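As the structure is a computational prediction, the values presented were derived from the model and not from experiment.
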Amino acid sequence: MSRGSDRTGPPIDDRAKKKRPGLLLGRPFGVPVYVTSSWWIVAILITLVYGGIVQSRLALGPSAYLLAFVFAILLYASVLVHELAHSVVARWYGLPVRRIVLYVLGGVSEIDREAPTPGREFWIAFSGPLLSLVLAAAAFVLTAFADPFSVTGELLFQLWVANLLVGVFNLLPGLPLDGGRLLSAGVWKLTGRRHTGSVVAAWGGRVLALGVVALPFLFAWSAGSTPGPWAVVWGVVLAGFMWMSASEALRNARIRARVPGLRARALARAAVTVPADLPLAQADRRAEEAGAVAVVVTDSGGTPISVLHPAAAEAITGARRAWVPVSDVSRALTENSTVAADLEGEELLQELTRSPLPEYLVLEADGALLGVLRAVDVNAVMAGRTVEGGAGGVAGEEGRG
C-alpha cells in the first residue's frame, strides 16, 4: 500500500513503460489502473478467513463467503481510491503519472518524476492517507444508522475498517509507505537536502520491517500463547517486501545524490565530423589525428545526420574498412538527439528522460558541436563509476589533409 516509483536513472531502456503489468481496469482521471493476477491470492485468503467470521455474526450460510469476498473487493477499492489521491495531486503539481498497479500487497502509483519541493512531496504523500481516513470516518458515521447484524451494516463496517487499515498503515514512518514520504519531506525541509530525507526514511522502513516480523510473536507472548503459522508467514512476507523496498529506496537515494554531478559539457566525448561517404579507415585516421573518441557523420551541407556506432564499426575488419562508408555503420540522429552543453544535474537528467536515446549531440549556445554524450557514460556516473575518454571538443575537416 505504498506510493512510488520515481525514475532514478537515465532512461536508456524504456520497455518498462510499455509492458502491461496486468489487467487494465480503466482510466479514472486519465490514469491507467492495472490489477495483477497476484490480487487473487489475497482475495481468496480474505474470503476463507473472513467468511467464517461473517458466518458467526450473521449466520448467512454459504453467502457469508460471498460477503467476505466483497470485503476483499472493498479493501482493494479503498487502496485504489488511496492511490488515485496520490496520482491526482501529483498531476495537479505537473508531475507525470504513468499508471497505478494493484498487486498482492496493496497498490503503487508510478510517478515518473520526483516532487521539486518538500512541500509538494508532503502533500502528494499525505493525500492518500488523508482521503482514506476521511472515507473511514464517513463510513463509521453511517454505521450508526444501520443494523450491525444486517448485510448493509456489515458492508459499512467493512468499508470503514478497510479504509482505516489503509490510512493508518500507510502513515507509518518508513519507506516505501506514505509515512516514509512524509518523514523524508520533513527531514528534507529541515536540512535542505533531499538525499538526507530519503536515507532517514529508508532506514525507518527497515526498522518498521523488523517490527512487522516481531509483531505476531509479541502479541502471542503477551497473551501467553504461541503465534499462529499464518500470522508468522504473513508477517515475514510483508516485512520482506518492506525491507527490500526500503533497501531499494536507500540505493536510489545514493544514486540521486550523484545527479548534481551530471554535466553535459564534462561528459561529452570529443568528436570529429566526417562526410557520409568517407571510408571507415579514413574516419579512424581522422579521429586519431584529432584526438576524438566519437565520429559524427554529416551530409553534403555539413549538417550532422548520424553518429558512428562503435560496435558496428568494430565488426568491420581488415581490408573492408578501406571501402565501407561510415554511413553504413552509423545510427541516425533524430530531432531529439541534441542537448545543450550547459545542462547540468536534474535539468540534464530530465532532458534525457524526455527522449531516451543511445547518444546525443552536445551543442554550444551558438549551435556549434561540442561532442557526443553517450547514455552509457551517464549511467556510469549514476552508478559511481569513472568515465574515461570524456570530452573536450570537436574537430572538423579543415586542415586534416
Side-chain angles (χ1 to χ4, degrees), residues 1-9 16 36 38 41-42 79 82-83 86 90 101-111 113-115 118 121-130 132 164-222 227-259 382-384:
M1 301 174 187
S2 58
R3 186 189 73 81
S5 56
D6 299 323
R7 187 176 295 210
T8 56
T36 68
S38 64
I41 298 174
V42 175
V79 172
H82 177 102
E83 297 301 331
H86 291 313
V101 180
L102 304 178
Y103 61 108
V104 65
L105 293 175
V108 58
S109 300
E110 298 185 2
I111 302 171
R113 290 206 308 269
E114 292 181 331
E121 173 74 359
F122 175 90
W123 284 112
I124 292 172
F126 187 53
S127 59
L130 177 62
S132 294
L164 184 66
L165 286 173
V166 172
V168 172
F169 180 72
N170 274 281
L171 284 175
L172 295 176
L175 291 173
L177 304 177
D178 298 321
R181 302 280 179 183
L182 297 177
L183 176 60
S184 176
V187 175
W188 178 10
K189 179 68 174 178
L190 289 174
T191 64
R193 299 183 61 192
R194 182 199 294 270
H195 170 70
T196 302
S198 298
V199 170
V200 170
W203 277 104
R206 285 182 163 183
V207 172
L208 285 176
L210 296 177
V212 168
V213 170
L215 209 56
F217 295 93
L218 294 177
F219 278 143
W221 293 337
S222 65
W230 276 114
V232 173
V233 169
W234 192 246
V236 169
V237 170
L238 184 57
F241 164 76
M242 292 177 66
W243 182 275
M244 288 188 295
S245 297
S247 299
E248 182 182 2
L250 196 59
R251 286 192 296 271
N252 289 341
R254 290 168 179 160
I255 292 174
R256 297 298 300 184
R258 301 186 183 110
V259 171
M382 297 294 282

Side chains of [X] and [Y] in contact at under 4.5 Å (non-hydrogen atoms):
X	Y	result
Leu182	Phe122	yes
Trp123	Ser127	no
Pro129	His86	yes
Met382	Val259	yes

[X] [atom1] to [Y] [atom2] distance, which is reported to the nearest 0.5 Å:
X	Y	atom1	atom2	result
Glu121	Phe126	CD	CZ	14.0 Å
Leu130	His82	CG	NE2	10.5 Å
Ser184	Glu114	OG	CD	8.5 Å
Leu208	Leu215	CG	CG	11.0 Å
Ile255	Leu250	CD1	CG	10.5 Å

Over all atoms of both residues, closest heavy-atom pair of [X] and [Y]:
X	Y	result
Ala202	Ala246	O-CB, 3.3 Å
Ala90	Ile111	CB-CD1, 3.7 Å
Ser132	Val166	OG-CG1, 3.6 Å
Pro227	Val232	CB-CG2, 3.8 Å
Ala249	Leu175	CB-CD1, 3.6 Å
Phe169	Met242	CZ-SD, 4.2 Å

Begin from the C-alpha positions of Arg181 and Ile124 and carry the test side chain to side chain contact (heavy atoms under 4.5 Å, CB included) through to its verdict.
CA-CA 9 Å; Arg181 302 280 179 183; Ile124 292 172; over 6 Å; no
Taking only residues at least two apart or on different chains, which pairs with a member in residues 231-244 satisfy salt bridge (charged side-chain N to carboxylate O under 4.0 Å, His left out)?
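Salt bridge (charged side-chain N to carboxylate O under 4.0 Å, His left out) check on residues 231-244 returns no pairs.
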Could I get the full list of ring pair (Phe, Tyr, Trp, His ring centres under 6.0 Å) partners for Phe219, not counting sequence neighbours?
none
Per side-chain contact (heavy atoms from CB on, under 4.5 Å), Val168 is matched among Leu164, Leu171, Leu165 by Leu164
Please determine whether side chain to side chain contact (heavy atoms under 4.5 Å, CB included) holds for the pair Thr36 and Leu102, giving the CA-CA distance in whole Å, both sets of side-chain angles, and the decisive distance to 0.1 Å.
CA-CA 6 Å; Thr36 68; Leu102 304 178; over 6 Å; no
Distance-only, no hydrogens or angles: does the Ser247 side chain make a donor-acceptor pair with backbone N or O of Trp243 under 3.5 Å?
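Between the backbone of Trp243 and the side chain of Ser247 there is a qualifying donor-acceptor contact (under 3.5 Å).
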